[in-house]
Amino acid sequence: MAYLRESLEKGSTVRGVNQKVPDKMENKVSKESIPEVAATHKTVYVVFFSLLLDLLAFTMILPLLPSLLDYYRQHDTQGLYHRLSQSIKFFQETVGAPEKYNSVLFGGFLGSMFSFLQFVASPIVGAFSDVYGRKRVMMICMCGITLSYLLWAVSSNFAIFVIARFVGGLSKGNISLAMAIITDVSNSKSRGKGMALVGIAFSLGFIVGPMIGAIFSKYSDKSSPDWFWLPATFAMCLALADILFLGVFLQETLPKKKRAKKVLISLSRALEYINPTSLFKFDAVKNLSTKDLESLKRLGFIYFVYLFIYSGLEFTVTFLMYHKFGFTSIDQAKVFLTTGIVMALLQGSVVRRLPERLTKKSAVLGLYLIVPSFIVVGLAQTASTLYLGMILFAISTAFVVTCMTTLTSKYGNFDQKGTVLGIFRSLGALARALGPIVASMAFWSIGSSFTYIIGGICLLYPSLLLQFTVLS
């Protein structure tokens, strides 16, 4: 979930697409070069509405996932779910994990798989868009997303649902393409406003989408063997509407004369964002001083460790609410609504106005705040205590990613900013591809309380590391 938000940081470009962004650009949307004014291009509003439709469909499944996996546990008695359960039965009996917790383990696998596929696909999709244009590749991505919802709607067994998530993860390069489109039609003065509009789309999507999914869940007949077809079909309709909208209103923003000439060259550059060794060393960033490069490596490492622990614990929250507190989909949606509003208010009123001198201090504060938030959630025995932990979680989240991205964006020349931030986001994506499965295995084997408490304590490490890091 939060991985998608990483693409929203102000002034950032997109990994896997052309990184040099001149202040004046020609494109088919406008025959004249974009003037150096802060006006927002009309194409940004097209991207805003498209992302809103996409995120409403994407986030609908969040409060439904625990009960959906529980459904497969009960009904997929001869299929993939049953075979996977049988294969881990020995370990399950060894650690004493209840059978119902298998859904947590399998959910972690799905979460990590989806994030890993997005991590791999985004730079490759961006590379193809550099050669063939943004709109054509965007439409292909949206068709893939629509297909994933269609597969979900007919997923009478766990195997089809896994295929649906696989297709969805591969197709999620539309997020990076949306950022590339905004970069195409913006200059240094207007880009911030464009990113802010997209940020609003994300906030609305993550606030309203889970509520829509919860409403469908409340009025669905859970005894029906295919109760989930209605929310899945609605998500598919939103995706189809998005395709139609983009087909009519989105114009190509990367003219042929500005495109990469050879797809293999573009792909080879994109692959630098997939190689973990190159990512941690920031190999794609050239001509930096040794001191600046060391600072970048330290920031990247801190960010990776933070998101590895954070994303794993974040992913399992829905299962905690479902199994420990017996929350319905509506109850879970209320938690998402609360945290979403807190984050949106803080990001809109406080974080975006932070002076430069307070950026590092705010990032450190946010990192420290995540420690008690997860400990409180782990120890929570009542809904009010859970809400307290989740509000602390939301406050921390509002500061950390934005402030750390701002710190990172200071390094490199103007034509290197996109590369620096692209690598930074790729490290975050890699962390999110690993975190959910590790945290879910811990949840499954030692229980939620120990998992959250240990995770919270471990988050002290990146907090202390950043506090005592002297940045160049």
*Crowding at CZ, Phe49 (>12 non-hydrogen neighbours, <6.0 Å)*: no
*asked:* Under the criterion side-chain hydrogen bond (donor to acceptor under 3.5 Å, both in side chains), I'd like the reasoning laid out for Tyr310 against Ser396: C-alpha separation, chi angles, the key distance, then a yes or no.
replied: CA-CA 11 Å; Tyr310 168 96; Ser396 169; over 6 Å; no
*Under the 3.5 angstrom rule, does the side chain of Ser217 hit a backbone N or O of Gly213 as a donor-acceptor pair?*
no
*Would you check if the distance from the ring center of Phe206 to the ring center of Phe336 is below 6.0 Å?*
no
*asked:* What's the separation between atom CG in Leu204 and atom CG in Leu52, rounded to the nearest 0.5 Å?
replied: 6.0 Å
*asked:* If the test is side chain to side chain donor-acceptor pair (under 3.5 Å), which one of Ser155, Ser103, Ser156 qualifies with Tyr72?
replied: Ser155
*Considering all heavy atoms of both residues, which atom of Ala164 and which atom of Trp152 are nearest to each other, and what is their separation?*
CB-N, 3.7 Å
_Please tell me whether Tyr273 and Ser278 have a donor and an acceptor in their side chains that are separated by less than 3.5 angstrom._
no
*Take Ser67 and Ser329 through the side chain to side chain contact (heavy atoms under 4.5 Å, CB included) test and state the conclusion after the steps.*
CA-CA 8 Å; Ser67 56; Ser329 297; 4.3 Å; yes
*Tell me, yes or no, whether the heavy-atom count around Lys297 atom NZ, taken from other residues, nucleotides or ligands under 6.0 Å, exceeds 12.*
yes
*Assess whether atom CE of Met441 is packed by more than 12 heavy atoms of other residues, nucleotides or ligands within 6.0 Å.*
no
*asked:* I'd like to check Phe106 versus Phe158 (side-chain heavy atoms, cut-off strictly below 4.5 Å). Are they in contact?
replied: yes
*Sort out for me which residue in Leu62, Thr318, Ile330 forms a side-chain contact (heavy atoms from CB on, under 4.5 Å) with Pro210.*
Leu62
*Verify ring pair (Phe, Tyr, Trp, His ring centres under 6.0 Å) between Phe114 and Phe166, making sure each step is shown before the conclusion.*
CA-CA 6 Å; Phe114 189 95; Phe166 187 90; over 10 Å; no
_OG1-CZ distance between Thr339 and Phe393, expressed to the nearest 0.5 angstrom_ = 7.0 Å
*Is Phe304 close to Leu430 at the side-chain level, that is, under 4.5 Å between some pair of heavy atoms?*
yes
*Is atom OH of Tyr387 surrounded by more than 12 heavy atoms (other residues, nucleotides or ligands) closer than 6.0 Å?*
yes
*asked:* Show the nearest heavy-atom pair for residues Val317 and Tyr452, with the distance to one decimal.
replied: N-OH, 3.1 Å
*Is there side-chain contact between Tyr411 and Leu299, with at least one heavy-atom pair below 4.5 Å?*
yes
*Can you name the closest pair of heavy atoms from Asn102 and Tyr81 and give their distance?*
C-OH, 3.6 Å
*asked:* So Gln332 and Val335, do their side chains get closer than 4.5 Å, heavy atoms only?
replied: no
_Spacing of Arg73 atom CZ and Leu69 atom CG [to the nearest 0.5 Å]_ = 10.5 Å
_Exam field: side chain Thr316 to backbone Leu313, donor-acceptor pair closer than 3.5 Å_ = yes
*Determine whether the side chains of Thr385 and Thr382 contain a donor N or O and an acceptor N or O closer than 3.5 Å.*
yes
*Give a yes-or-no answer on whether the side chains of His323 and Ser448 include a donor-acceptor pair shorter than 3.5 Å.*
no
*Please check if any side-chain donor atom of Asp242 sits under 3.5 Å from a side-chain acceptor atom of Ser50, or the reverse.*
yes
*Find the distance between CD (Gln78) and CG (Asp76) and round it off to the nearest 0.5 Å.*
8.5 Å
*asked:* side chain to side chain contact (heavy atoms under 4.5 Å, CB included) for Ser440 and Phe315? Distances and angles first, verdict last.
replied: CA-CA 8 Å; Ser440 296; Phe315 180 84; 4.0 Å; yes
*Residue from Phe91, Trp444, Tyr322, Phe443 passing ring-ring contact (aromatic ring centres under 6.0 Å, His included) with Tyr101*: Phe443
*Check the side chains of Ser129 and Arg134 for a donor-acceptor pair under 3.5 angstrom, ignoring hydrogens and angles.*
yes
*Answer yes or no: is there a donor N or O on one side and an acceptor on the other, between the side chain of Ser449 and the main chain of Gly378, under 3.5 Å?*
yes
*Check whether any side-chain heavy atom of Asn157 lies under 4.5 Å from a side-chain heavy atom of Leu80, and answer yes or no.*
no
*In terms of ring plane angle, is the pair Phe228 and Tyr71 parallel, tilted or perpendicular, where the classes change at 30° and 60°?*
perpendicular
*Between Lys360 (side chain) and Leu471 (backbone), is there a donor-acceptor pair under 3.5 Å?*
no
*Nearest heavy-atom neighbours spanning Ser463 and Val371*: OG-CG2, 4.4 Å
*asked:* On a heavy-atom basis, which atom in Val285 and which in Val420 lie closest, and how many Å separate them?
replied: CG2-CG2, 3.8 Å
_To the nearest 0.5 Å, what is the distance between OG on Ser311 and CZ on Phe308?_
7.5 Å
*Could you walk me through whether Ile302 and Tyr461 pass side chain to side chain contact (heavy atoms under 4.5 Å, CB included), step by step?*
CA-CA 9 Å; Ile302 292 170; Tyr461 176 62; over 6 Å; no
*If you look at every heavy atom in Leu407 and Ala363, which pair is closest and at what distance?*
CD1-CB, 4.5 Å
*Thr328 side chain to Asp331 main-chain N or O, any donor-acceptor pair under 3.5 Å?*
yes
*Please examine the side chains of Leu465 and Phe301, heavy atoms only from C-beta on, and report whether any two atoms are closer than 4.5 Å.*
yes
*asked:* Go through it in stages, so that I can follow the logic: the residues are Lys172 and Asp54, the test is salt bridge (charged side-chain N to carboxylate O under 4.0 Å, His left out), and I'd like the CA-CA distance, side-chain angles, deciding distance and then a yes or no.
replied: CA-CA 10 Å; Lys172 217 56 185 160; Asp54 176 58; 2.8 Å; yes
*asked:* Donor-acceptor check, side chain of Lys324 to backbone of Ala380, threshold 3.5 angstrom: yes or no?
replied: yes
*Within a strict 4.5 Å, meaning less than it, do heavy atoms of the Ser148 and Ser171 side chains meet?*
no
*Centroid-centroid distance, Tyr149 to Phe234, less than 6.0 Å*: no
*What is the distance from atom CZ of Arg165 to atom CG of Leu110, rounded to the nearest 0.5 Å?*
7.0 Å
*Less than 4.5 Å apart, any side-chain heavy atom of Ile88 and any of Leu84?*
no
*Would you please test Leu320 and Leu386 for side chain to side chain contact (heavy atoms under 4.5 Å, CB included) and show each step?*
CA-CA 10 Å; Leu320 174 81; Leu386 176 65; 4.1 Å; yes
*Sub-3.5 Å donor-acceptor pair from the side chain of Asn174 to the main-chain atoms of Leu177, do we have one?*
no
